[in-house]
Amino acid sequence: MIKKLFILLQILALIAPVGIFFMYIIMDEGDQFTYEHYWVTAMSFIPFLFVLLLKSLFLGLSKK
């Protein structure tokens, strides 16, 4: 049950960086990315890293 929850959280957390990346491409009509575009896309990836951290902590504790 908890594994399915973390899979769902991973999918939801990946939607943000992918969505932001494509949003910038659509808004800029394919122009070159600036420093800010890369920065915002990278920062939106942080929730996914937190989900991975929580998954490793919770699933690691449940195995012991």
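Owing to the predicted nature of the structure, the values given are computational and were not obtained by experimental measurement.
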Asker: Just verifying a value: how many Å separate Leu53 CG and Phe58 CZ, rounded to the nearest 0.5 Å?
Answerer: 9.5 Å

Asker: Once you round to the nearest 0.5 Å, how far does CD of Gln10 lie from CG of Leu12?
Answerer: 10.5 Å

Asker: How close do Pro17 and Ser44 get, heavy atom to heavy atom, and via which atoms?
Answerer: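 For Pro17 versus Ser44, the nearest heavy atoms are CA-OG, 3.2 Å.
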
Asker: When hydrophobic residues are tied together by side-chain contacts of less than 4.5 Å, even through go-betweens, does Leu14 share a cluster with Leu49?
Answerer: yes

Asker: Say whether Trp39 and Ile46 are linked into one hydrophobic cluster, either directly or through other cluster members, by side-chain heavy-atom distances under 4.5 angstrom.
Answerer: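 Both belong to a single hydrophobic cluster.
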
Asker: When you group the ILVMFWY residues by side-chain heavy-atom contacts below 4.5 Å and let the links chain together, are Phe22 and Phe45 in the same group?
Answerer: no

Asker: Quick one: CG on Leu54 to CG on Leu5, what's the gap to the nearest 0.5 Å?
Answerer: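 So the CG of Leu54 and the CG of Leu5 are separated by 10.0 Å.
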
Asker: Indicate yes or no: at least one non-hydrogen side-chain atom of Leu52 is less than 4.5 angstrom from one of Phe6.
Answerer: no

Asker: To the nearest 0.5 Å, tell me how far Phe48 CZ sits from Leu9 CG.
Answerer: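 Answer rounded to 0.5 Å: 11.0 Å.
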
